[in-house]
Protein chains: 2
Amino acid sequence: MSQRLSAPARREQILDVALDVFANAGFHGASMNDIAEAAGVTKPVLYQHFDSKRHLYQALIEEVGNRLRTNIDKATAEATDGKSQTELGFRAYFRWVADDHDGFRLLFGSGSRRDDEFNDAIRKITAESARAVAPLIAVDIDESHRETLAHAIVGLAEGASRRLVGLGQDFDPDAIAAEVSALAWAGLRAVTPR
Amino acid sequence: MSQRLSAPARREQILDVALDVFANAGFHGASMNDIAEAAGVTKPVLYQHFDSKRHLYQALIEEVGNRLRTNIDKATAEATDGKSQTELGFRAYFRWVADDHDGFRLLFGSGSRRDDEFNDAIRKITAESARAVAPLIAVDIDESHRETLAHAIVGLAEGASRRLVGLGQDFDPDAIAAEVSALAWAGLRAVTPR
DNA sequence: ATACTGAGTTACCGAATGGTAACCGGCTCA
DNA sequence: TGAGCCGGTTACCATTCGGTAACTCAGTAT
């Protein structure tokens, strides 16, 4: 049945397959047997590459998080002003969502947030996005409120994406990004000092 | 140890205690024994009031969802124009979050989204919020995009709340609501027909 | 030929957990 | 006073699932 693969190749394949399985069934809903079967091997093989189910899951969160981070960083690096930074950031975000539905569901789908260890990893990811957003609020405002608003903006993208992914259909990320970023930018400009 | 309660009283107490336990440990992380112990009874008592663990959880989602819905509906009923509708809606939302941390975490914390059945229940709740938001986008725009933007706005509140609840401290819901609703309203006004 | 390497399998264990059958004991009312 | 209602308990079962020890077997280098 199963092709014999080199260790690194098998590891990659397992990560690939596990993302699919976890995204669809969740951490608790997916058993190691399920993943092994989907990968065309047996359980002990998984344990040759990952110490535990948790480690496998954590590795996935890490990897998917990196993909997201990298995409956004690359996209916004070119921007000079806040407005285009906003536009490019959202575009990168929605493009990522559009072609990594499984990744989105793994991180934000969720069920990952239930576990303290996983939740921390995911919070780190959203916190990074928020840190990129915070400076776009130009007005003088309480630091803690600025952080909260930044997280709200991140939630904006998440809320839209959850629906889009939930619909199951493909969507045009650039079109969505244009509208959402327009909303976000206008909103950010409207924040006033108290 | 355990006080002898009437059936309806016990049922209420179980719901109360279960919300606490589930909110903190998640659906899978909390065992029926945990809940029974927290309620000061034994497992079979739970099964006298709820058919299964899932039914108990579902009942909680339903109840918490109703509280949220009711609060928002009551608050926005008095509003005449879109702007104050937005303000009052967000204020009701954040007030609910502020005094029902456990409820918020149960619905959006989450882990509830992992299960199809639970996810549907929660989607229904956010979809209702979105339906209230959608008419605030006055411009002529594709219906599906309008829906997506409405969900984005709901995500706005969720994103802010998740951070606030995550910090573990109490917060002033009205202050947050003022800022977030200002952001949302300005953002909604900025959506342009394509 | 032989011995080694390393990917993969079979078969199993132990713990946790959802759920249930059978029983208990105090209160109330005829 | 005794029957029965009802809230509650003890003790148990069945199953799932993470994790592991021991083994197989093909290729390869000597």
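The chains referred to below are lettered A, B, ... by the order of the sequence lines, with proteins before strands, and numbering in each begins at 1.
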With respect to the side chain of [X], which nucleotide from [options] is positioned closest?
X	options	result
B/Leu5	D/dG8, D/dG18, C/dT9	D/dG8
A/Pro44	D/dT9, C/dA11, C/dG18	C/dA11
B/Arg4	D/dG7, D/dG19, C/dG19	D/dG7
A/Arg10	D/dG8, C/dG8, C/dT9	C/dG8
A/Ser31	C/dT9, D/dG18, C/dG18	D/dG18

Has the side chain of A/Gln48 got a donor or acceptor atom sitting under 3.5 Å from an opposite partner on the base of C/dG6?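 No, the side chain and the base share no sub-3.5 Å donor-acceptor pair.
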Presence of donor-acceptor pair under 3.5 Å, side chain of B/Lys43 and base of C/dG19: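 Present.
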Exercise answer: donor-acceptor pairs, residues 147-157 of chain B side-chain atoms, under 3.5 Å, sequence neighbours excluded:
{"from": "B/Thr148", "atom 1": "OG1", "to": "A/Arg163", "atom 2": "NH1", "distance (Å)": "2.9"}
{"from": "B/Thr148", "atom 1": "OG1", "to": "B/Ser144", "atom 2": "O", "distance (Å)": "3.1"}
{"from": "B/His151", "atom 1": "ND1", "to": "B/Glu147", "atom 2": "O", "distance (Å)": "3.0"}

Round to a whole Å and report the spacing from [atom1] of [X] to [atom2] of [N].
X	N	atom1	atom2	result
B/Leu46	C/dT20	CG	P	13 Å
B/Met32	D/dA14	CE	P	20 Å
B/Phe22	C/dG18	CZ	C1'	12 Å

A/Arg54 charged N/C atom sitting above A/Phe118 aromatic ring, 6.0 Å / 45°: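 Positive - A/Arg54 is close enough to the ring of A/Phe118 and near enough to its axis.
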Do B/Asp51 and B/Leu56 have side chains that get closer than 4.5 Å, going by heavy atoms?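 Heavy-atom side-chain distance check fails, nothing below 4.5 Å.
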Might you confirm whether atom CG of A/Asp116 has over 12 heavy atoms from other residues, nucleotides or ligands at distances under 6.0 Å?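 Result for CG/A/Asp116: open.
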Using heavy atoms to find the nearest nucleotide of DNA chain D for B/Thr42 and A/Gly29 separately, return the residue whose nucleotide is more 5′.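 The residue whose closest nucleotide sits nearer the 5' end is B/Thr42.
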